[in-house]
Protein chains: 2
Amino acid sequence: MARRVVRTPTKVVVDLDARKATILKAVVVEHIDTAQPVGSSAVAASADLDVSSATVRSEMVALEREGYLAQPHTSAGRIPTDKGYRYFVDHLQSGVLGAVQQQQVKEFFASVRGEVEEVLEQTSTLLSQMTSYTSVVVGASHAHATILSVQLVNLDAHHHLLVTVFSDGSVVKHSLTPSFAATPKEVMEASRQLNALLINTSLETRVQVPSRRDHEADLVREAVSTLHAQQPVMEGEQVFIGGSSRVAEVFDGVETVRQVLAILEQELLVVSLVQDILDQGLSVAIGSEHGFEPLSTCALIVAPVTIDGVPAGAVGLLGPTRMKYREAMAAAEVVSARLTRHFAGADERG
Amino acid sequence: MARRVVRTPTKVVVDLDARKATILKAVVVEHIDTAQPVGSSAVAASADLDVSSATVRSEMVALEREGYLAQPHTSAGRIPTDKGYRYFVDHLQSGVLGAVQQQQVKEFFASVRGEVEEVLEQTSTLLSQMTSYTSVVVGASHAHATILSVQLVNLDAHHHLLVTVFSDGSVVKHSLTPSFAATPKEVMEASRQLNALLINTSLETRVQVPSRRDHEADLVREAVSTLHAQQPVMEGEQVFIGGSSRVAEVFDGVETVRQVLAILEQELLVVSLVQDILDQGLSVAIGSEHGFEPLSTCALIVAPVTIDGVPAGAVGLLGPTRMKYREAMAAAEVVSARLTRHFAGADERG
DNA sequence: ATTAGCACTCGGTAGAATTGACTGCTAACA
DNA sequence: TGTTAGCAGTCAATTCTACCGAGTGCTAAT
């Protein structure tokens, strides 16, 4: 699953002259609105341009030559290429949220409560409702969090539950099924030893396990190895996908819909996609920019969420390349900011 | 969300005479295969029937009159109604799994390990891969499970984590954010009291909380009320949906796809749907039988999963009414049985 | 009761003709 | 030199027509 990180190539792109830029933007706006190829006359009619369609046409050939526009076929209008969208996005003055959405966000954060996971999940729903795109909310891994408490609870002689609480507030359970029958006393003792051993370590810390060959030591060893035996990456990452039904609204063609849904099912893939794009501040991957073929007709907007300044996840929006960037980006930005504030604010509220 | 429970009305339906039955079945089989209306000659050609198409036709009129078949328009063949499918399903001799699927199931259960949640999730994926339908796996609520351990871990002065372990192996966390600053000592003491209070109770048990007005008692009260403050129903239910991309393959019409996806997003709804249909043994809800309008073009197959004889959840398959019932039902049955065995077997394995 | 035969219905398809939204080009113009 | 009006050309989409064929219901004969 090697994929390269793509940064927005803003600085590389030679800027277009004012008129070309206006024309390009007009084409993008119109195409986003209508989903149809845009003709020269439609652009010429665009108020802030006082030239004839013929002039627009010759500019369009230039824009096509430079790779910003494309023509589905002769005698059709132009549609933007990924590069065209990229230019558009890079020169977008950041939009403001509509009144309805503002209200929605406000109400949401005023009323939301509960565990982090619930908040993230509901945020995901919120975002997709606001934008009518599918949303992805990623909660950071607790790989770096330290362990606050470990507890071994025994269900019966052969089944024990290892419950670990991390400093980031996450709780993880693991089943232990040793081959010997352990007494409650032994389990308690093992639990005590585990606490002594693991508290304040992170999962990356290697610890010195006892080498004795008695039940307590065996339990301790099994617990530690179970706990540390995680996937090299991504373990503990949480993904919440909201509004997957939007996929059917927003993409056309059953096959495309199926493909996008299939990708959304692979949550690990989605996480790594988001992580790749993630940067400080709002960022967007358009079409094939993320280098992942099956999503070449998609655009993905990602905004980071932090807790106390450290990266704690991200919110994202997935739509077709011809998505309403301004609105969607505004939504992602506002929600990520409010979410950041929400988590920070949780500290001062009590 | 009131919905009535619908049991399969097998006994109520007057049985059809042999020939009508053969014809009806032929129509269903053919329609499931081709998705097209089925004509009288196609049915007549069906090997185990030695009558002319004309005879078939007159039988078909009867079947239509009795509500088993319908005609999209004059001069088209017949398609089964929900009632037709119902008859078909009720008279289906239980099928056997294909060799490939058998192998798939075998390998899966031979290799699967991990927490219950993971197993259920992966089972869901398995089912959808086997059948190419969307699968739903529901894990039972732990409302009746007793509490094995409660632990209050303090993150900082104002944030504490209440970690509860249930006898069914589930672990639940709740955040407590009291308005006063509690010392680690107070938290530990509260934790001790909670244990004394709650161990061996279930969430349905009302407990006597201390009425003192000190920090420990306040913490205990807040913990108990948080723990008991659950949704009246469904809390703790787990749902795993696998292969939602199949929706796009299997249903036709963007709008239908969107609608089904939208329903799948509401997990509570899906759970209640499954619960309604759930019965001992394999059961099927066809079309509007479940009384839920938006899913009237769907069929839902449900098979129960038990642990040590008590209901512990269910596996389900969601497809169009014209789904491959025999294969899908076989898959649901086999997987639910193996899952039941898996959970029972876990006890003897260690 | 069954069947062959027949007239009729009606959705789907294939082609042809038409439309119309574009373009690119050219020649005139400021 | 940049801009524009005008025009011929292209090509997808639409409309129309005719027709085909699958399938029915009915009837009369077996």
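Residue numbers begin at 1 in each chain, while the letters A, B, ... track the order of the sequences.
Checking D:dC7, D:dC26, C:dG11 against every side-chain atom of B:His73, the shortest atom distance belongs to C:dG11. Listed candidates were C:dG24, C:dT2, D:dT24. Nearest to the side chain of B:Arg78 is D:dT24. The nucleotide whose nearest atom lies closest to any side-chain atom of B:Thr55 is, among D:dG25, C:dG24, C:dT3, C:dT3. Here the nucleotide nearest the side chain of B:Ser52, chosen from D:dT4, C:dT3, C:dT23, is C:dT3.
Distance CD (B:Gln36) to C1' (D:dA22): 11 Å, rounded to an integer number of Å. Atom CD in A:Gln71 sits about 13 Å away from atom C1' in D:dG9, given to the nearest Å. The CD1 atom of B:Ile23 sits 14 Å away from the C1' atom of C:dA1 (whole-angstrom rounding). In this structure, the CG atom of B:Leu63 is 17 Å from the P atom of D:dG23, given to the nearest Å. Remark: P of D:dG23 and CG of B:Leu69 are 14 Å apart, rounded to the nearest angstrom. In this structure, A:Met60 places its CE atom 16 Å from P of D:dT3, rounding to the nearest Å.
Between the side chains of B:Ser124 and B:Ser135, at least one donor N or O lies within less than 3.5 Å of an accepting N or O.
Remark: B:Ile277 CD1 to B:Leu300 CG distance equals 4.0 Å, nearest 0.5 Å.
Of the two residues contacting DNA chain C, namely A:Ser40 and B:Asp50, the nearest-nucleotide position lying further toward the 5' end is that of B:Asp50. Mapping A:Thr74 and B:Ser53 onto DNA chain C by nearest heavy atom places B:Ser53 at the nucleotide closer to the 5' end.
Side chain B:Ser75 to base C:dT9: a donor-acceptor pair is found below 3.5 Å. Residue side chain A:Arg57 reaches the base of D:dG6 through a donor-acceptor N/O pair under 3.5 Å, judged by distance alone.
Closest approach of B:Val38 and B:Val27 over heavy atoms only: CG2-O, 3.6 Å. Of all non-hydrogen atoms in A:Ala248 and B:Leu261, the two that sit nearest each other are CB-CD1, 4.3 Å.
The aromatic rings of A:Tyr85 and A:Tyr325 sit tilted relative to each other, their planes meeting at an angle between 30° and 60°.
Nucleic acid contact for B:Ser58: none, since no nucleic acid atom lies under 4.0 Å from a heavy atom of the residue.
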